[in-house]
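The block underneath contains the structure these notes are about, expressed in structure tokens.
Each chain gets a letter, A, B and so on, in the order the sequences are listed, and its residues count up from 1. Bear in mind that the values here come from a model prediction, so they are computed numbers and not experimental data.
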There are 2 protein chains.
Amino acid sequence: METRLDLVFAALSDPTRRAILTMLLEDDMAVTDVAEPFEMSLAAISKHLTILSRAGLIAQEKRGRVKWCKLDPGALREASVWMQGFGQFEPVNLDAFERFLEEELRDDSI
Amino acid sequence: METRLDLVFAALSDPTRRAILTMLLEDDMAVTDVAEPFEMSLAAISKHLTILSRAGLIAQEKRGRVKWCKLDPGALREASVWMQGFGQFEPVNLDAFERFLEEELRDDSI
DNA sequence: CGTTTATTTAACCGATTGGTTGACGATTGA
DNA sequence: TCAATCGTCAACCAATCGGTTAAATAAACG
């Protein structure tokens, strides 16, 4: 049986999908706009979005012919709680988060 | 380029590996003892441990013919920080963590 | 209406994953 | 010394993954 946690961590293990989540932090986006910065086909991005959606990390809503993608951090909380158990981590450190985002965006060359 | 974050999330996406980490929360263990509760070969567990090790989630030290595995939550912190950015999560909630562990151990039928 | 735009689906590909078995090297202890 | 134990390695397998291209569906536009 594939648990929610399996799906969430598997979804997060791909840098393209993490970059997509980071983009969606800024704003909701249509599929085509999500795909624009990446050097891969729209079909590939569509698959990534399906994976993020099944993991519960994003929600997709179709309005007209456009499908809007929005972040849905609920599933992340589960995974976060799981991880928190493994160390006495400092309270949320947003500065460190910003540094990671910058690094990710640089590395992924998007 | 495969980043640390890729490796950590990929490592966490497998329920067997998460169960191993949970076991190592209790105590350091030899490879054979890690393998004992699982219905799979020692070689398979050895592979899982290699994956956890490469991700930086555990450290392995060989003493004599016994290889000891211990939790190394450093890499988890990185991933945790990354995730924390996506929601205003409550501060560390260890009760919730305990519930997750129970559920995981039940579901994985180890 | 016909065309363009938005997105998914299907078929395919090579690489990776998670497991197996069997052989192997290294260490231990009688 | 010799057998047992600890753990990895190599070869193999089916299933999944991340990507492609081409066709299909659906909505909007002129």
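No donor-acceptor distance shorter than 3.5 angstrom exists from the side chain of A:Ser80 to the backbone of A:Arg77, with no hydrogens or angles considered. For B:Arg17 (side chain) and B:His48 (main-chain N/O), no donor-acceptor pair under 3.5 Å exists by modelled atom type. Not one N or O on the side chain of B:Ser53 forms a donor-acceptor pair closer than 3.5 Å with the backbone of B:Thr50.
Atom CZ in B:Arg54 sits about 10 Å away from atom P in C:dT17, given to the nearest Å. If you take CH2 of A:Trp68 and P of C:dA6, they are 11 Å apart, rounded to a whole angstrom. Regarding B:Leu49, its CG atom lies at a distance of 10 Å from the C1' atom of D:dG7, rounded to whole Å. Straight-line distance from the CZ atom of B:Phe38 to the P atom of C:dG18: 14 Å, rounded to whole Å.
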Report summary line: For nucleotides 10-21 of chain D, 5' to 3', base contacts (B), sugar-phosphate-only contacts (S) and non-contacts (-) with protein non-hydrogen atoms under 4.0 Å give -B------SBBB
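In this structure, B:Asp6 pairs ionically with A:Arg18, as a charged nitrogen and a carboxylate oxygen lie closer than 4.0 Å.
Rounding to the nearest 0.5 Å gives a distance of 10.0 Å between SG of A:Cys69 and CD1 of A:Ile45. Of the inter-residue distances, the one linking B:Leu49 atom CG with B:Ile20 atom CD1 reads 5.0 Å to the nearest 0.5 angstrom. Distance CG/A:Leu24 to CG/A:Leu52: 8.0 Å, rounded to 0.5 Å. For the atom pair A:Ser41 OG and A:Lys47 NZ, the distance stands at 8.0 Å (nearest 0.5 Å).
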Protein-nucleotides 26-30 of chain D N/O pairs under 3.5 Å:
from: D:dA27; atom 1: O3'; to: A:Arg65; atom 2: N; distance (Å): 3.4

